[in-house]
Amino acid sequence: MRSKGTLGLLIVLMLVGLAGCAGCTTYNNLVEAEERVEQAWANVETTYQRRADLIPNLVNVVKGAADFEQETLEAVTSARARATSITLSVDDLSDPAKVEQYLAAQQQLGSALGRLLAVAENYPQLRATEAFRDLQAQLEGTENRINVARRDYNEAVREYNVRVRRFPNALFAGLFGFEPRTPFEAQPGAEKAPTVDFN
């Protein structure tokens, strides 16, 4: 009788131990995936910051090199101010509304920059300025880095969300407070190529 009771106790202890090990492994995997999301998001913010840092130099070069359209320069400056005033913490990545607000501000800044670079084509003196060419090349490189960082972030979010939603991880994810994160989505109208019109 005692041996059956001892055997039952051992089985219960083994099941509890296995469940504990599975829980620890799942928790550690979720933490690892969440850290990848946070690192990818930090890379996105770094590239956005690089673009924001370049804009004052670009505006100053344009101001100094040409009698440029003041309205265009002011639009770029105000779009930069709006974009840098909206911050998105890692904890906000599970809130689609906050992510959308942040991305809308960055999209407005990108549009203002696109208009500035397109209008600058009308100024041969400006295009010939070495400083302008350098900044334009850096901005183009930054836009490419932003695209790469966004893609890396989306991949990290996809892996994380799969882990959070997959069974039995979903049980532990809910227990420990791991929530799905919001990936980047294309802005409405992004499927259309921009039109450059010099007339």
Which residue pairs pass the salt bridge (charged side-chain N to carboxylate O under 4.0 Å, His left out) test with at least one member in [range], sequence neighbours excluded?
range: residues 138-151; answer: Arg51-Glu143
range: residues 29-41; answer: Glu32-Arg36, Glu34-Arg181, Arg36-Glu159
range: residues 78-92; answer: Asp92-Lys98
range: residues 163-177; answer: none

Can you name the nearest heavy-atom pair linking [X] to [Y], along with the distance?
X: Tyr153; Y: Pro183; value: CE2-CA, 4.1 Å
X: Phe184; Y: Leu103; value: CE2-CD2, 2.6 Å
X: Leu139; Y: Leu58; value: CD1-CD2, 3.2 Å
X: Pro180; Y: Asn161; value: CA-OD1, 3.2 Å

Whether Asn43 side chain and Ala149 backbone form a donor-acceptor pair below 3.5 Å: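 Absent.
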Side-chain heavy atoms of [X] within contact of [Y], under 4.5 Å:
X: Asn169; Y: Val164; result: no
X: Leu171; Y: Leu175; result: no
X: Leu109; Y: Ile55; result: yes
X: Leu93; Y: Leu88; result: yes
X: Gln107; Y: Ser111; result: yes

For residues [X] and [Y]: do they belong to one hydrophobic cluster (side chain heavy atoms under 4.5 Å, members Ile, Leu, Val, Met, Phe, Trp, Tyr)?
X: Val99; Y: Ile86; answer: yes
X: Val37; Y: Val31; answer: yes
X: Leu18; Y: Phe172; answer: no

Set of residues satisfying ring-ring contact (aromatic ring centres under 6.0 Å, His included) with respect to Tyr27, sequence neighbours excluded: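 ring-ring contact (aromatic ring centres under 6.0 Å, His included) list for Tyr27, sorted by chain: Phe176, Phe178.
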From CA spacing to verdict: side-chain contact (heavy atoms from CB on, under 4.5 Å), Leu73, Leu116: CA-CA 7 Å; Leu73 293 176; Leu116 173 65; 3.8 Å; yes
Can you tell me how far the [atom1] atom of [X] sits from the [atom2] atom of [Y], to the nearest 0.5 Å?
X: Asn57; Y: Leu135; atom1: CG; atom2: CG; answer: 6.0 Å
X: Gln106; Y: Ile146; atom1: CD; atom2: CD1; answer: 7.0 Å
X: Asn147; Y: Thr142; atom1: CG; atom2: OG1; answer: 11.0 Å

Within residues 96-118 or reaching into it, pairs that qualify as ring-ring contact (aromatic ring centres under 6.0 Å, His included) - sequence neighbours excluded: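 Every pair satisfying ring-ring contact (aromatic ring centres under 6.0 Å, His included) with a residue in residues 96-118: Trp41-Tyr102, Tyr48-Tyr102.
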Residue pair Asp53 / Gln49, side-chain donor-acceptor N/O under 3.5 Å: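 On atom types as modelled, these side chains qualify, holding a pair under 3.5 Å.
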